[in-house]
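We name chains A, B, ... by the order of the sequence lines, and we start the count at 1 in each one.
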Amino acid sequence: MSEVLEQFSRVAASGRPAALATLVAAAGATPKKAGSTMWVAEDGSPLGSVTIGGCVDARVIEQARAVIASGVPSLLRMSLGDEEAWELGLTCGGRVDVLVQRVNGGDTSDASAAAYRAARATYENGGASVVVAHLDARRERLAIDEEGATVGTLGMPWLDERAREIAAKRLAVGMSSGIEQFTHDGTELSLFFEHLAPPETVVIYGASQVAMSVALFARELGMRTVIVDGREKMANRERFPTADAIHVGMPSELAQQIRATRRTYVVLLAHDYKYDLPVLREVLCSDAGYIGMIGSRRRGASIRAMLEEEGFTTAHVARLRTPIGLSIGAKSAAEIALAIVAEIIAVRQRAAGALPMTQPSAIAASP
Amino acid sequence: MIPERAMEPYSSVIAEHFRRPRNQGPLPNANASAEGVNPLCGDRVRFAVALDEKGTITEARFVANACAICVAAASLLTERVQGVVSTMAREIADDEMLRIVGEGVPTARMKCATLPLETLRRALARL
């Protein structure tokens with residue numbers, strides 16, 4: 001569960017109002033990302049990890065108590081001296097903008113609570129959503145999921161529609177939280193789009209040498225990694241020290257158990273019919289955002305033909321990417337892994353210029 | 001269906017039982033089951049049997065993520081043990097299993113053919 005939603009659940013369960021402080025913008029070279037949050041209880045105690053450190057804490061907590069009392073959101077814009085900036089991880093003086101809002105899970109009319117409740121339901125279903133907030137005293141909130149379904153309002157139908165359009169674009173590429181500014185009837189407006197999505201997961205079937213490198217690269221990119229194989233000698237901690245999970249068992253049955261959402265990327269690296277076919281029978285009908293299998297063009301065609309003969313539709317079979325990876329002339333296991341992870345990112349980002357192995361290589365044709 | 005070309009190295013018995021495995025799938029009311037794995041090649045098979053009150057195998061089924069030889073052997077074994085008393089089924093020898101599977105099992109792949117039988121023995125030993 002994402003930190004903010006997990007903490008929201010705890011706050012909602014308490015039945016007491018709390019303040020949610022969200023870093024919406026930071027000017028300067030900061031390791032803190034927009035979307036970092038801190039909860040403050042009525043007595044001023046912070047809940048969860050404090051992402052806004054040092055002297056800013058005191059100001060946020062002070063403001064939080066006022067916001068809890070009034071229910072009116074507030075945007076704290078703090079210019080920092082060099083010393084303060086250093087405490088926050090900024091390399092020099094800058095500015096941080098922190099939105100502080102009251103969230104009362106026990107109050108059915110609380111717009112923020114309703115938005116986070118909707119986002120939590122979407123998250124628990126494996127989906128992503130954004131919670132849109134005004135960057136001023138307005139209390140209206142809007143939650144928008146990947147299907148465009150909304151909960152709440154920003155107060156004006158045209159603004160809700162504009163927010164939906166922006167959210168759709170942001171969600172399509174998995175854009176992290178951030179501010180969107182636009183002009184309407186000569187007035188400049190700013191909204192904060194908070195991205196709430198389950199982590200991306202790469203599920204690797206076949207604990208091969210290439211799999212070891214895929215797991216490392218994916219991990220480096222912030223993705224969860226899950227290794228599946230029938231052999232303990234291959235799928236173990238020694239070979240996959242950073243994997244989030246290692247499953248040894250019947251791969252097809254494990255494929256049934258590992259829920260695949262749009263943020264699940266399935267990579268088949270066994271290079272063996274005995275795992276590839278049974279696993280594909282399970283994952284081709286799943287919601288997985290990427291399904292790739294190592295192997296030649298000829299082998300891929302053969303597997304596709306087999307699956308079609310078994311009754312899989314052309315659309316299902318077309319989801320299978322094989323040969324796997326972007327066309328970068330990969331030779332070694334690590335290079336092949338790099339091509340695979342690059343293809344996953346290209347698919348996620350819908351990068352139009354990326355050249356999959358399944359397409360004739362324009363790079364090879366260039367001088 | 002597996003293309004003809006891919007099946008060329010195997011006997012017609014293996015090809016037939018790999019393409020159309022008999023008694024494949026889980027057996028929810030099993031009295032005994034076991035899972036076997038070849039730790040090197042990764043063949044994995046689960047064999048399950050249901051018995052009547054006299055100890056006769058009334059149903060045998062298997063689930064496998066395994067090579068053609070292993071799948072065919074598991075399929076053939078389910079047919080071989082149907083109606084057999086469990087104590088007799090435990091006595092089936094490797095040689096008989098290899099005869100059932102027929103020609104086309106290279107020496108290096110004998111284990112693929114006997115893995116389902118080994119797994120059945122372990123399942124029956126639990127009774």
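Side chains of A:Thr261 and A:Asp287: a donor-acceptor N/O pair is absent below 3.5 angstrom, by distance only. Defined by atom type and a distance below 3.5 Å, a donor-acceptor pair is missing between the side-chain atoms of A:Asp145 and A:Ser129. Remark: the A:Ser9 side chain and the A:Arg120 side chain contain an N/O donor-acceptor pair separated by less than 3.5 Å.
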Subject >> Criterion side-chain contact (heavy atoms from CB on, under 4.5 Å) on A:Arg321 and A:Ile324, from CA distance to verdict >> reply: CA-CA 6 Å; A:Arg321 289 172 172 267; A:Ile324 194 171; 5.5 Å; no
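Against chain A, the residues from residues 39-57 of chain B that qualify, each with a non-hydrogen atom under 4.5 angstrom away, are B:Pro39, B:Leu40, B:Cys41, B:Gly42, B:Asp43, B:Arg44, B:Val45, B:Arg46 in number order.
Contacts of A:Glu308 classified as side chain to side chain contact (heavy atoms under 4.5 Å, CB included), with partners at least two apart in sequence or in another chain: A:Thr314, A:Val317.
A:Tyr275 contributes a side-chain N or O that, together with a main-chain N or O of A:Gly230, makes up a donor-acceptor pair within less than 3.5 Å.
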